[in-house]
Amino acid sequence: MSYVEKGDEMDYSKIKIPNHVAIILDGNGRWAQERGLTRSEGHQEGFNNLMKLTEHVFKTGVKVLSVYAFSTENFKRSKEEVDFLMNLFVDKFEEYAKKLKEINIKLVFSGGRGNPVRQDILDVIDKSEEMTKDCDGGIMNICFNYGSHLEMVEAFKEMHNDAINGKLDFNTINEDTIYHYLFQDLPPIDFLIRTSGELRLSNFMLYQASYAELYFPKTYFPAFDAAEFDKALIEYTKRDRRFGGINYEATNN
Ligand code: IPE
Ligand code: IPE
Ligand code: MG
């Protein structure tokens with residue numbers, strides 16, 4: 001079966017569109033290194049690519065897009081690299097938020113807000129969320145100073161507090177309650193992409209990705225364009241999601 005129409009336009013009617021896509025944006029450094037550029041230039045190009053790619057992803061019909069932009073562990077990197085990434089965020093993020101508002105996408109953030117996150121970063125986060133709060137065409141979830149372990153630790157603490165204050169009855173806790181206490185109460189991830197060929201999750205959305213289809217293209221993030229995303233959707237379309245059951249139509253017995 002061919003998924004591509006004449007003239008290279010993808011025929012989306014033949015494609016299964018995942019509701020929640022998550023992308024681990026990896027490979028900025030190696031992309032730059034291969035071109036004799038600095039790691040900072042790689043991050044700049046990764047950010048430019050994110051701006052372009054976001055619009056395309058929502059055009060395909062995806063409703064929620066989560067991206068791993070900076071992990072709790074990424075603070076281990078050199079001061080120069082961390083400062084560059086923080087400044088890039090402060091300088092460019094409002095432009096990105098404005099663009100999302102134009103296409104009716106709501107911006108939300110997942111991640112710790114405590115030290116070492118700078119106040120000017122928190123201000124941009126708050127401003128961008130406020131700017132797009134009434135948009136209802138889709139949700140863009142930026143994972144920044146994000147770690148799945150941190151998210152779970154904070155969720156357990158909050159549940160404990162709510163239980164003490166009588167806001168949560170421990171006997172009623174179910175899987176949805178857990179989602180509610182994570183940084184954002186989003187639907188489970190259907191399709192998780194990690195660019196750059198690394199085969200690990202690096203502390204990313206471990207609860208939310210429990211039944212996600214995983215895809216590990218070798219392409220570095222700055223080069224992961226609309227055509228690469230469409231290729232990923234074709235791969236997703238071919239997957240048989242069973243969730244522990246059996247698809248009897250696909251078997252002969
Ligand atoms: C991903 O690219 C961006 C961040 C983690 C901020 P990397 O910076 O990890 O790029 P590589 O893995 O070194 O190529
Ligand atoms: C994971 O990538 C974090 C982000 C993409 C933001 P890393 O490049 O930091 O992960 P490791 O160190 O290779 O596991
Ligand atoms: Mg990396």
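Whatever order the structure lists them in is the order used to number ligands and atoms, beginning at 1. Just so it is clear, the structure is predicted and the values come from calculations on it, not from any experiment.
Residue contacts with ligand 1, taken as heavy atom pairs separated by less than 4.0 Å, do not involve E198 at all. When heavy-atom distances to ligand 2 are checked against a 4.0 Å cut-off, A69 comes that close only through its backbone atoms N, CA, C and O. Of the heavy atoms in F204, none comes closer than 4.0 Å to ligand 2. Heavy atoms of Q33 found under 4.0 angstrom from ligand 1: none, in either backbone or side chain. Contacts between R77 and ligand 2, counted as non-hydrogen atom pairs separated by less than 4.0 Å, involve the side chain only.
Across the listed options N145, L85, V67, N74, N74 owns the non-hydrogen atom lying nearest to atom 9 (O) of ligand 2. One option in T195, N203, D26 has a heavy atom closer to atom 8 (O) of ligand 2 than any other, and that option is D26. Distances from atom 10 (O) of ligand 2 to the heavy atoms of K76, R200, R194 show the closest one on R194.
An N or O contact shorter than 3.5 Å is missing between Y68 and ligand 2 by distance.
Checked against the 6.0 Å centroid threshold, Y179 and Y207 count as a close aromatic pair. Between F144 and F109, the gap from one ring centroid to the other reaches at least 6.0 Å.
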> When you look at F70 and F89, which way does the ring pair (Phe, Tyr, Trp, His ring centres under 6.0 Å) test go after all the steps?
Replying inline: CA-CA 11 Å; F70 194 88; F89 184 83; 9.6 Å; no
>> Checking K76 against E73 for the salt bridge (Lys or Arg N to Asp or Glu O under 4.0 Å) test, could you report, in this order, the C-alpha distance in whole Å, the side-chain angles of both residues, the deciding distance, and whether it holds?
In response: CA-CA 6 Å; K76 290 179 195 160; E73 290 76 25; 6.0 Å; no
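Salt bridge annotation for R30-E198: present, with a cationic side-chain nitrogen under 4.0 angstrom from a carboxylate oxygen.
A side-chain hydrogen bond (donor to acceptor under 3.5 Å, both in side chains) with Q208 is found for exactly one of E151, H20, Q184, namely E151.
Aromatic ring pairs are classed by plane angle as parallel below 30°, tilted from 30° to 60° and perpendicular above 60°; the pair F183 and Y146 is perpendicular.
Annotation: atom 14 (O) of ligand 2 to nearest protein heavy atom, S202 OG, 2.6 Å.
Counted by atom type alone, D225 and N49 present zero donor-acceptor pairs between their side chains at under 3.5 Å.
Using a 4.0 Å cut-off to heavy atoms of I24, the atoms of ligand 2 that qualify are 5 (C). Proximity to L25 (heavy-atom distance under 4.0 Å) selects the following atoms of ligand 2: 5 (C). Residue-ligand proximity, F70 to ligand 2, at heavy-atom distances under 4.0 Å covers atoms 6 (C).
Contact between G27 and ligand 1 is present, with at least one heavy atom of the residue lying under 4.0 Å from the ligand.
Distance CZ/F93 to CG/L88: 10.0 Å, rounded to 0.5 Å.
For residue D26, an N/O/S atom approaches the Mg ion (ligand 3) to within less than 2.8 Å.
Although no hydrogens or angles enter the test, the distance criterion places a donor-acceptor pair under 3.5 Å between the side chain of S78 and the main chain of E81.
In this structure, atom 12 (O) of ligand 2 is not in close contact with the protein, since no protein heavy atom lies within 4.0 Å of it.
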